[in-house]
There are 2 protein chains.
Amino acid sequence: LIHHEGFNACGVQDITSAANVPKGSFYSYFESKEAFAAEVVQDYWTSILGRHGPLLQDLAQLPVARVRNFFDALIGDHVSWDFSRGCLIGNLVLELAGTSESARFEMYRVLREWEAMLAECLHEAIEAGQISRDGSASDLAATLIEAWEGAVLRSKVERSGKACERFRDLVLPAMLA
Amino acid sequence: LIHHEGFNACGVQDITSAANVPKGSFYSYFESKEAFAAEVVQDYWTSILGRHGPLLQDLAQLPVARVRNFFDALIGDHVSWDFSRGCLIGNLVLELAGTSESARFEMYRVLREWEAMLAECLHEAIEAGQISRDGSASDLAATLIEAWEGAVLRSKVERSGKACERFRDLVLPAMLA
């Protein structure tokens, strides 16, 4: 619900109705709607890791191919949503980073964790001479995540996968050269 | 107000109070809060164009330098906001693209206009041999905008300019090589 409609557009009533629980029970589980947002971020990230995380650890592939396969799998998620939802983390950053410190911290943490996972592959790629451009593995990982978040944002406004394709076909090869 | 707090977090009352007009007058000016959002997007874009647009037309500079100067000026805006606001267009995309077709269309239009302006410089740079990598000028322009939007998003969650610096120091040189 939050991924589709946005955090501020969903009331606690909408959330509890969708979950089929009484509205009053919400605050037995979560201290506030912002605390709930932090759990939503964590849950979304756990789901991505469970489904696509193994691609980053697939030692049968060269490290750059692992990174490509991971982003291809993410693109597949957005294809299945018709590009209408965007990245839940990016959406919540833009809605909540200014107003909720606890949600902002959780998003900060998840983005750092994602960055560290990509950086591990990229570090291997740099060591193996697969990537020769300047920049540390973690700076490269961060730029990939940032460019990806922007591509998903554009895809959401265009309701089309063109920005994700540009990320795959132009940004990835340029940054991983 | 909307740039700082988010669209759904601001009520019509907050907006009219900030503008020092009676709440009831809002709907004499705007058909709906979403129609107001479309005007806000247009106003933000007009302000950016007025302040930084001339940098893209500064014929004393080579085309790639014009593009760099333009993004440097945008970074300056975000420095002055302590990186806490993000790009108003990106923010509104993520809040409204799923729920308001009129706002989504206005953001689509502004992003296309921005893309066309950058593409003009990049086309010149390609013709002059300043850029030799693959990809049309408009695809390159689009990837720069997308990577920029992601960098600003990350800056907002980190409250730091590091992602904007990565955009300037890693993405721009890689994409404009």
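Naming convention: chains lettered A, B, ... in sequence-line order (proteins, then strands); numbering from 1 in each chain.
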Determine the option with the most heavy-atom pairs under 4.5 angstrom with chain B, choosing from A/Lys162, A/Glu115, A/Glu149, A/Met107.
A/Glu115

Check whether B/Arg166 gets within reach of chain A through its side chain, its backbone, both or neither, counting any heavy atom under 4.5 Å.
both

Establish, yes or no, whether a centroid distance under 6.0 Å links the rings of A/Trp81 and A/His4.
no

Region of A/Arg85 in contact with chain B, defined by heavy-atom distances below 4.5 Å:
neither

Indicate the atoms forming the closest heavy-atom contact of B/Leu56 with B/Arg66, along with that distance.
O-CD, 3.2 Å

Looking at CD of B/Glu146 and OG of A/Ser155, how far apart are the two atoms once the value is rounded to the nearest 0.5 Å?
7.0 Å

With a 4.5 Å cut-off on heavy-atom pairs, point out which of A/Leu92, A/Asp169, A/Leu94 contacts chain B the most.
A/Leu94

Measuring centre to centre across the rings, with the benzene-like ring taken for any Trp, is A/Phe36 within less than 6.0 Å of A/Tyr29?
no

Please examine the side chains of A/Asp77 and A/Arg51, heavy atoms only from C-beta on, and report whether any two atoms are closer than 4.5 Å.
yes

Quick check with a 6.0 Å cut-off and a 45 degree axis cone: is A/Lys33 positioned over the face of A/Phe7's six-membered ring?
yes

Under 4.5 Å from a heavy atom of chain B, the part of A/Glu165 involved:
neither

Under 3.5 Å, is there a donor-acceptor pair linking the side chains of A/Gln42 and A/Arg109?
yes

Using a 4.5 angstrom heavy-atom cutoff, name the option from A/Thr99, A/Val171, A/Leu170, A/Asn91 with the most pairs to chain B.
A/Leu170

Return the option, out of A/Pro173, A/Gly86, A/Ala9, A/Ala142, with the maximum number of heavy-atom pairs under 4.5 Å with chain B.
A/Ala142

Ranking B/Ser84, B/Ala103, B/Gly90, B/Gly6 by heavy-atom pairs under 4.5 Å to chain A gives rank one to B/Gly90

If I measure from the heavy atoms of chain B, does A/Glu106 come under 4.5 Å with its side chain, its backbone, both, or neither?
neither

